[in-house]
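None of these values were measured; they are calculated from a predicted model. Numbers for residues simply follow the sequence, beginning at 1.
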Amino acid sequence: MDGYEQFKHDVFELTKIDLNAYKEKQMKRRIDTLITSYKITDYKGFVRKLRDDEEFLEKFLSYLTINVSEFYRNPDQWKILESDIFPQLIGKFGNNLKIWSAACSTGDEPYSLVMALSKYQDLNKISIQATDIDKQIIAAAKTGVYNVKSIASVPEIYKSKYFTKVSDSSVMIDEKIKSCVYFKEHNLLSDDYGSGYHLIVCRNVLIYFTEEAKEVIFKKFYDALAPGGILFLGATEQIMNYKQIGYDRKSSFFFEK
């Protein structure tokens, strides 16, 4: 299909999502597959449907934002967070840590953060900001119902304490955990990041972005952190020029401002 450049422009006008920031070959293939599945013959026709049908636009945004998530993903990294990073941050900044779970998907990550931090302080003192670009995904996160497979890596003590069986294949997370997380929509490429965070967690999302977009985001995260704050990345991601940006590497996927 011809006209992909104009399509990217039209999508930005509609959604403020800049497709230029994503790896083009991978993203174009996903979009072309979607367009074909709706038996639409060109990008112009697809954009017309996006403009005319709000529900279709929402479905497109959910398709565009790739949501693969699970609780305590890469458990070894969570052990480092729980045993090393949290005690350091509490020692440095006190108990009122300002934490942001960026591109939080279905909520597995911020809820995991609450459980890990509950080892050191009461739930009523924990508040975590969680953001994602997809409002349907945020709605699912607020509901807090998950496939039982997604909690496989959760420590047993938290499984029995904070999850209730809903069916043979699904569980619901406890309201006490949910009440510690504040969800809102956020676009990593265009929205304001805020400042003064003690911990920013952004895992297994940036692999879909170009190197240029990743560098911009890493710099924005740096500016959003308080001095001494930590950025926690996923097992598939690295900051190649972390020293030039101003980070110190604490361990494989933890970077300190």
For this session: Taking only Lys NZ, Arg NE, NH1 and NH2, and the carboxylate oxygens of Asp or Glu, determine whether Lys176 and Asp174 approach each other closer than 4.0 Å.
Result: yes
Seminar exercise, completed: Smallest heavy-atom separation, Ala224 atom then Ile200 atom, equals CB-CD1, 4.0 Å
Problem set entry | No-hydrogen, no-angle side-chain donor-acceptor test under 3.5 Å, Tyr4 and Glu24 | no
Exercise. Does Tyr247 use its side chain to pair, donor to acceptor, with the backbone of Ile230 at less than 3.5 Å?
Worked result: no
Exercise. Mind checking whether Leu19 and Met27 have side chains closer than 4.5 Å, heavy atoms only?
Worked result: yes
Exercise. Does the pair Tyr242 and Phe253 meet the rule for a ring pair (Phe, Tyr, Trp, His ring centres under 6.0 Å), with working shown?
Worked result: CA-CA 11 Å; Tyr242 67 91; Phe253 306 100; over 10 Å; no
Exercise. Any idea which heavy atoms bring Glu237 and Cys202 closest together, and the distance?
Worked result: OE1-O, 3.6 Å
For this session: Would you please indicate if the ring centroids of Phe71 and Tyr146 are separated by under 6.0 Å?
Result: yes
Seminar exercise, completed: Heavy atoms of Arg51 and Asp10 approach each other most closely as NH2-OD1, 3.9 Å
For this session: Indicate the atoms forming the closest heavy-atom contact of Ala141 with Tyr111, along with that distance.
Result: O-OH, 2.8 Å
For this session: Could you check if a side-chain atom of Tyr162 sits within less than 4.5 angstrom of a side-chain atom of Val114, using non-hydrogen atoms only?
Result: no
Problem set entry | N/O donor-acceptor pair under 3.5 Å between Lys79 side chain and Asp84 backbone | no
Exercise. Is the shortest heavy-atom distance from the side chain of Ile99 to the side chain of Leu89 under 4.5 Å?
Worked result: no
Problem set entry | Within-4.5 Å side-chain heavy-atom neighbours: Phe255 and Gln238 | yes
Exercise. In this structure, are over 12 heavy atoms from other groups packed under 6.0 Å from Lys92 atom NZ?
Worked result: yes
Exercise. Are any of the side-chain heavy atoms of Leu81 and Leu199 separated by less than 4.5 Å?
Worked result: yes
Problem set entry | Side-chain (Lys257) to main-chain (Gly229) donor-acceptor, under 3.5 angstrom | no
Exercise. With a 4.5 Å heavy-atom cut-off, do Tyr158 and Ser112 have their side chains touching?
Worked result: no
For this session: Check whether any side-chain N or O of Lys142 sits under 3.5 Å from a backbone N or O of Lys178 as a donor-acceptor pair, and report yes or no.
Result: no
Exercise. Phe56 ring centre to Lys49 NZ or CZ under 6.0 Å, with the angle to the axis within 45°?
Worked result: yes
Exercise. Taking C-beta and beyond as the side chain, do Thr131 and Asp191 meet within less than 4.5 Å on heavy atoms?
Worked result: no
For this session: Would you please classify the geometry between the Trp78 ring and the Phe232 ring as parallel, tilted or perpendicular, with 30° and 60° separating the classes?
Result: perpendicular
Exercise. Can you tell me how far the OG atom of Ser105 sits from the CG atom of Asp132, to the nearest 0.5 Å?
Worked result: 6.0 Å
Exercise. Crowded around Asn96 CG? As in, over 12 foreign heavy atoms under 6.0 Å?
Worked result: no
For this session: Apply the test side chain to side chain contact (heavy atoms under 4.5 Å, CB included) to residues Gln121 and Ile90: give CA-CA distance (whole Å), side-chain angles for both, the deciding distance (0.1 Å), then the verdict.
Result: CA-CA 10 Å; Gln121 58 194 80; Ile90 292 168; 4.0 Å; yes
Exercise. Do any N or O atoms from the side chain of Asp42 and from the backbone of Gly45 form a donor-acceptor pair under 3.5 angstrom?
Worked result: yes
For this session: Can you measure from CZ (Phe163) to OG (Ser170) and round to the nearest 0.5 angstrom?
Result: 12.0 Å
For this session: Report yes if some heavy atom in the side chain of His186 is under 4.5 Å from a heavy atom in the side chain of Gln129; otherwise report no.
Result: no
Exercise. Does Lys149 offer a backbone N or O that forms a donor-acceptor pair with the side chain of Asn147 under 3.5 Å?
Worked result: yes
Exercise. Would you find more than 12 non-hydrogen atoms of other residues, nucleotides or ligands less than 6.0 Å from Glu55 atom CD?
Worked result: no
For this session: Applying salt bridge (charged side-chain N to carboxylate O under 4.0 Å, His left out), name anything that partners Arg48, two or more places apart in sequence or on another chain.
Result: none
Exercise. Can you name the closest pair of heavy atoms from Ser37 and Leu34 and give their distance?
Worked result: OG-O, 2.6 Å
